[in-house]
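Heads up, the thing below is written out as structure tokens.
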Amino acid sequence: MRQLLVIVLAAGEGTRMLSDLPKVLHQVAGRPMVSHVLDAARGAGAAQIAVVIGPDHEQVAAEVKRVAPGAEVFVQEQRRGTAHAVLSAREALARGYDDVVVMYGDTPLVRAETLDRLRAPLAEGAAVSVLGFRPESPAGYGRLLTEGGELVAIREEKEASAAEREIGLCNGGLMALDGKAALDLLDRIGDANAKREFYLTDAVEIARALGRTAAACEAPTEEVVGVNSRAQLAEAEAILQQRLRQRALDAGVTLVAPQTVFLSSDTRFGRDVVVEPNVFFGPKVRVEDGATIRAFSHVEGAHVGPGAIVGPFARLRPGAELGQGVHVGNFVEIKASDLAAGVKVNHLTYVGDSSVGANTNIGAGTITCNYDGYRKHRTTIGANAFVGTNSLLVAPVTVGDGAYLATGSVITEDVPADALAIGRARQVNKPGLAARLRARLSAGVTPKK
Ligand code: UD1
Ligand code: MG
């Protein structure tokens, strides 16, 4: 197995994003772009990953450490071009891996398989391999100059002749280098060009001048979509959503209207799951076999047990744990709560920081009052309990198994198992008082027409 070093260039300024957030931390499908790139690097079996960030980009370093703890982070103090950026990881390059692959942190859609294809020519003796693509409009990209199937040079747009600008095959930005020769090639690159930058792309001509060969392989345009603006971020999102929907469909999930379902790259589905239209899945969601997510639900950080039914118009927030066959209906919000098998919470309810035992029924309009303005408190409800409509459970509070809360109760004290709790004012009827009241109030008032 050839040892692979992946160098991710993430020192981009991202000025066109008009953002306080470093560009590579902008998210697609619920994760920062750089994390998608790191995933692809790991998927391709990288033995080591080096990420080159800009100065003052500690947030990027922190995200890298979070998703790829073994990755090294290097700072490029000044932006002096792509080759200069790669050389910021000199220490890693000097270890002499077999293959080096350069990726961009703002090009989040590259697949691990594509990295494998890109590396393949190195094993055949090429010193450099470049990922080409054919964009609709090649303006701004480097052009790949080939002769008899061999790559002879990459010409940046600024230096390209009119004839070279006619070439449709462009540099997608990804490059694989023979790891044993990489440092030597990179050190030979100069900055005598229109932008006074050290161009990584010069590695092709330099390798050939040293008697080595270079290769180009082609990738679908959608994989090399680079993000420089919010519009391109939205394009990347659309492409990734399309992939995730296809993956879900291929895995046997029914998406009634796939275009209206939004997924995260880590959304996990079991067998025979049905997702109705207009559902949004944030990060960290697992939906088990036979569950149904009904229309217009918003789900994140939640686990939906087998056969459960969620929605329509439900919101599951982080820490929602729904057991087998749980029903969560319309206008119900669940947060940081365990609902055991068979629990029903069907209408207009908030359950937060709670645990609810098996087969308990929670009536419409119930609220767990979990926050006193300073701290969150827990509500514990046993199994087979019945929470009457429009109850307020003022946490911390515990309701025992089989207990019954009368409709409209404000529960501030623990309720023992099998007890009936009534926490509301007693009703009083005053015969005839409504008529007398009306007569008194209407005296001297002209009735409205
Ligand atoms: C580069 C390629 C061009 C290719 C295009 C694909 C070069 C010289 N040109 O051009 O052939 O068609 O990408 O998108 O390589 N970066 C740093 N530090 C730097 C400079 C760049 O980290 O000093 C990073 C950027 O953040 C970005 C990537 O490298 O992620 C590419 O840099 P960019 O300036 O966008 O290069 P292009 O001019 O687009
Ligand atoms: Mg660019």
Side-chain angles (χ1 to χ4, degrees), residues 29-31 240-364 366 368 380-387 401-402:
R31 302 187 73 203
L240 197 50
Q241 286 300 333
Q242 204 48 41
R243 268 192 209 171
L244 294 172
R245 290 168 189 140
Q246 194 58 49
R247 187 171 84 182
L249 292 164
D250 291 346
V253 180
T254 293
L255 303 180
V256 175
Q259 300 303 324
T260 69
V261 174
F262 293 83
L263 300 155
S264 289
S265 32
D266 63 354
T267 311
R268 295 286 169 263
F269 294 108
R271 281 174 80 81
D272 293 312
V273 169
V274 175
V275 180
E276 291 186 356
N278 297 300
V279 174
F280 181 93
F281 292 96
K284 297 198 175 76
V285 174
R286 186 155 63 92
V287 181
E288 293 206 58
D289 297 355
T292 299
I293 312 295
R294 304 194 59 196
F296 295 99
S297 293
H298 190 284
V299 184
E300 59 183 322
H303 169 211
V304 177
I309 301 175
V310 173
F313 298 99
R315 178 165 186 212
L316 301 185
R317 290 173 52 201
E321 283 282 335
L322 276 48
Q324 179 149 16
V326 165
H327 290 186
V328 170
N330 41 272
F331 308 110
V332 171
E333 174 181 344
I334 311 281
K335 186 215 79 170
S337 295
D338 291 341
L339 276 51
V343 167
K344 292 193 174 56
V345 196
N346 274 327
H347 333 267
L348 302 157
T349 289
Y350 172 64
V351 176
D353 302 302
S354 302
S355 62
V356 183
N359 301 314
T360 284
N361 186 90
I362 297 189
T366 296
T368 55
T380 305
I381 303 173
N384 302 305
F386 185 92
V387 175
D401 292 345

Please evaluate residues Val304 and Glu288 with respect to the criterion side chain to side chain contact (heavy atoms under 4.5 Å, CB included), reporting the C-alpha separation (whole Å), side-chain torsions for both, the decisive distance (0.1 Å), and the verdict. CA-CA 6 Å; Val304 177; Glu288 293 206 58; over 6 Å; no
Between Asp353 and Lys335, does any side-chain N to carboxylate O distance fall below 4.0 Å? yes
Does this structure show an ion pair linking Glu333 with Arg317, if we count only N-O contacts that are shorter than 4.0 Å? yes
Might you point out which heavy atoms bring [X] and [Y] nearest each other, and give the distance in Å?
{"X": "Gly30", "Y": "Pro283", "value": "O-CG, 3.8 Å"}
{"X": "Ala358", "Y": "Ala340", "value": "N-CB, 3.4 Å"}
{"X": "Leu249", "Y": "Pro258", "value": "CD1-CG, 4.3 Å"}
{"X": "Val328", "Y": "Ala314", "value": "CG1-CB, 4.1 Å"}
{"X": "Gly382", "Y": "Asp401", "value": "CA-OD1, 3.2 Å"}
{"X": "Gly342", "Y": "Val326", "value": "N-CG2, 4.0 Å"}

Does a side-chain heavy-atom distance below 4.5 Å link [X] with [Y]?
{"X": "Val387", "Y": "Asn361", "value": "no"}
{"X": "Thr368", "Y": "Tyr350", "value": "yes"}
{"X": "Leu339", "Y": "Val345", "value": "yes"}

Only one of Asn330, Ile309, Val310, Asn278 clears side-chain contact (heavy atoms from CB on, under 4.5 Å) with Arg294; which? Ile309
With Val275, which of Val256, Thr267, Thr254, Val253 fulfils side-chain contact (heavy atoms from CB on, under 4.5 Å)? Val253
Hey, what's the ring geometry for Phe281 with Phe269, parallel, tilted or perpendicular (30° and 60° as the breaks)? perpendicular
Check for a donor-acceptor pair, side chain of Glu300 on one end and backbone N or O of Gly282 on the other, with a separation under 3.5 Å. no
Under the 3.5 angstrom rule, does the side chain of Ser297 hit a backbone N or O of Val279 as a donor-acceptor pair? no
At what distance, to the nearest 0.5 angstrom, does [atom1] of [X] lie from [atom2] of [Y]?
{"X": "Leu316", "Y": "Glu321", "atom1": "CG", "atom2": "CD", "answer": "10.5 Å"}
{"X": "Ile362", "Y": "His347", "atom1": "CD1", "atom2": "NE2", "answer": "11.5 Å"}
{"X": "Ile293", "Y": "Glu276", "atom1": "CD1", "atom2": "CD", "answer": "9.5 Å"}

Could you walk me through whether Leu348 and Val332 satisfy the side chain to side chain contact (heavy atoms under 4.5 Å, CB included) test, starting with their C-alpha distance in whole Å, then the side-chain angles of each, then the deciding distance to 0.1 Å, before giving a yes or no? CA-CA 5 Å; Leu348 302 157; Val332 171; 5.9 Å; no
With side chain to side chain donor-acceptor pair (under 3.5 Å) as the criterion, how do Gln246 and Arg243 come out once you've worked through the C-alpha distance, each side chain's angles and the decisive distance to 0.1 Å? CA-CA 5 Å; Gln246 194 58 49; Arg243 268 192 209 171; over 6 Å; no
Candidate pair Arg245 and Leu255, rule side chain to side chain contact (heavy atoms under 4.5 Å, CB included), full reasoning: CA-CA 8 Å; Arg245 290 168 189 140; Leu255 303 180; 4.1 Å; yes
Taking the six-membered ring of Phe280, is the NZ or CZ of Arg315 close enough (under 6.0 Å from the centre) and on axis enough (within 45°)? no
Check the pair Phe262 / Gln241 against side chain to side chain contact (heavy atoms under 4.5 Å, CB included), numbers first and verdict last. CA-CA 6 Å; Phe262 293 83; Gln241 286 300 333; 3.9 Å; yes
